[in-house]
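Any value given below was found using the heavy atoms of this structure, including those in side chains, with hydrogens, waters and symmetry copies removed.
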Amino acid sequence: LDFESGAVTPFALFDPANPAIQLADGKVDRAGRFVFGTSHRQAKEPIGGLYSLGVDGAISRLDEGLILGNGPCFSPDDRTLYHADSMRHVIYAYDYDIATGAASNRREFFDSSAYGPIPDGATVDADGDLWVAIC
């Protein structure tokens, strides 16, 4: 946004190939990347993913096959990225490379099925404990 002229110039455009995909939660890592999930608009099909918007405006896909991506957050040492597929009631942990923004080795970290509805927004505190809203 140019405050003097009021002109708005997009930094990056996310244009998914499938119109049934929408953006979901996002969070910025310490390197300035915006990491965000996408979801199926009716939260029924695994067509969503996990993406990263770099400080250069480039968008990279980190994961795919999600129904409703939610609550990305990072460990205090920046080596673990957490991200939920809410409709599956699962929070995944990924190995995260803060230097490159790459995520790998997806594994189940927590299954929230026993706690009611879905895991949504999340954060990690200074001690490394993950806090998640179950809604």
Exercise. Taking Asn70 for the side chain and Asp120 for the main chain, is one N or O donor matched with an acceptor at less than 3.5 Å?
Worked result: no

Exercise. Is the backbone N or O of Gly6 less than 3.5 Å from a side-chain atom of Asp2, with the two atoms forming a donor-acceptor pair by type?
Worked result: no

For this session: Please answer: with hydrophobic residues joined when any side-chain heavy atoms are less than 4.5 Å apart, are Phe34 and Phe11 in the same cluster?
Result: yes

Seminar exercise, completed: In this structure, OG of Ser52 is separated from CG of Leu62 (nearest 0.5 Å) by 5.5 Å

Exercise. Taking all atoms of both residues into account, what is the closest heavy-atom pair of Asp78 and Arg30, and its distance?
Worked result: OD1-NE, 2.7 Å

Problem set entry | Closest approach of Gly116 to Ile134 (non-hydrogen atoms, all atoms of both residues) | C-CG2, 4.5 Å

Exercise. Between Asp85 and Arg106, is the closest basic N to carboxylate O distance under 4.0 Å?
Worked result: no

Exercise. How close do Gly71 and Ala122 get, heavy atom to heavy atom, and via which atoms?
Worked result: O-CB, 3.6 Å

Problem set entry | Nearest-0.5 Å distance, CD1 of residue Ile47 to CG of residue Leu66 | 11.0 Å

Problem set entry | Common cluster, Ile98/Tyr92, ILVMFWY with side-chain heavy-atom separation under 4.5 Å | yes

Exercise. Does the His40 side chain pair with the main chain of Ile21, one donor and one acceptor, at a distance under 3.5 Å?
Worked result: no

Problem set entry | Interatomic distance, Thr80 atom OG1 to Asp77 atom CG [nearest 0.5 angstrom] | 6.0 Å

Problem set entry | Close side-chain approach of Lys27 and Thr123, heavy atoms under 4.5 Å | yes

For this session: Return yes if a side-chain donor-acceptor contact under 3.5 Å exists between Tyr94 and Asn105, otherwise no.
Result: no

Exercise. Are the side chain of Ser86 and the backbone of Pro119 linked by a donor-acceptor contact shorter than 3.5 Å?
Worked result: yes

Problem set entry | Spacing of CZ belonging to Phe36 relative to CG belonging to Leu50, to within rounding of 0.5 Å | 8.5 Å

Seminar exercise, completed: Tightest non-hydrogen contact, residues Pro72 and Gly26, listed as CG-CA, 3.8 Å

Problem set entry | Within-4.5 Å side-chain heavy-atom neighbours: Phe14 and Thr38 | yes

Problem set entry | His83 vs Cys73 side-chain heavy atoms within contact, under 4.5 Å | no

For this session: Taking Asp127 for its side chain and Asp129 for its backbone only, find out whether a donor-acceptor pair lies under 3.5 Å.
Result: no

For this session: Evaluate the side-chain proximity of Val132 to Ser112: yes if any heavy-atom separation is below 4.5 Å, no if none is.
Result: no

Exercise. Taking all non-hydrogen atoms of both residues, which atom of Ile118 and which atom of Met87 are closest, and how far apart?
Worked result: CG2-SD, 4.4 Å

Problem set entry | Separation between CZ of Phe74 and OH of Tyr82, rounded to the nearest 0.5 Å | 11.5 Å

Problem set entry | Reported CD-to-CD distance for the pair Gln42 and Gln22, which is rounded to 0.5 angstrom | 8.0 Å

Exercise. Nearest heavy-atom pair of Val124 and Ser75: which atoms, and what distance?
Worked result: CG1-CA, 4.2 Å

Problem set entry | Evaluation steps, salt bridge (Lys or Arg N to Asp or Glu O under 4.0 Å), between Asp95 and Arg107 | CA-CA 9 Å; Asp95 295 335; Arg107 60 210 174 267; 3.2 Å; yes

Exercise. Among the clusters formed by ILVMFWY side chains lying less than 4.5 Å apart, do Val28 and Leu23 turn up in the same one?
Worked result: yes

Problem set entry | Stacked cation flag Arg79 on Tyr96, 6.0 angstrom / 45 deg | no

For this session: Please confirm whether the backbone N or O of Leu68 pairs with a side-chain atom of Ser39, one donor and one acceptor, at under 3.5 Å?
Result: no

Exercise. Val35, Leu53: one ILVMFWY side-chain cluster at the under-4.5 Å cut-off?
Worked result: no

Exercise. Does Arg33 offer a backbone N or O that forms a donor-acceptor pair with the side chain of Asp29 under 3.5 Å?
Worked result: yes

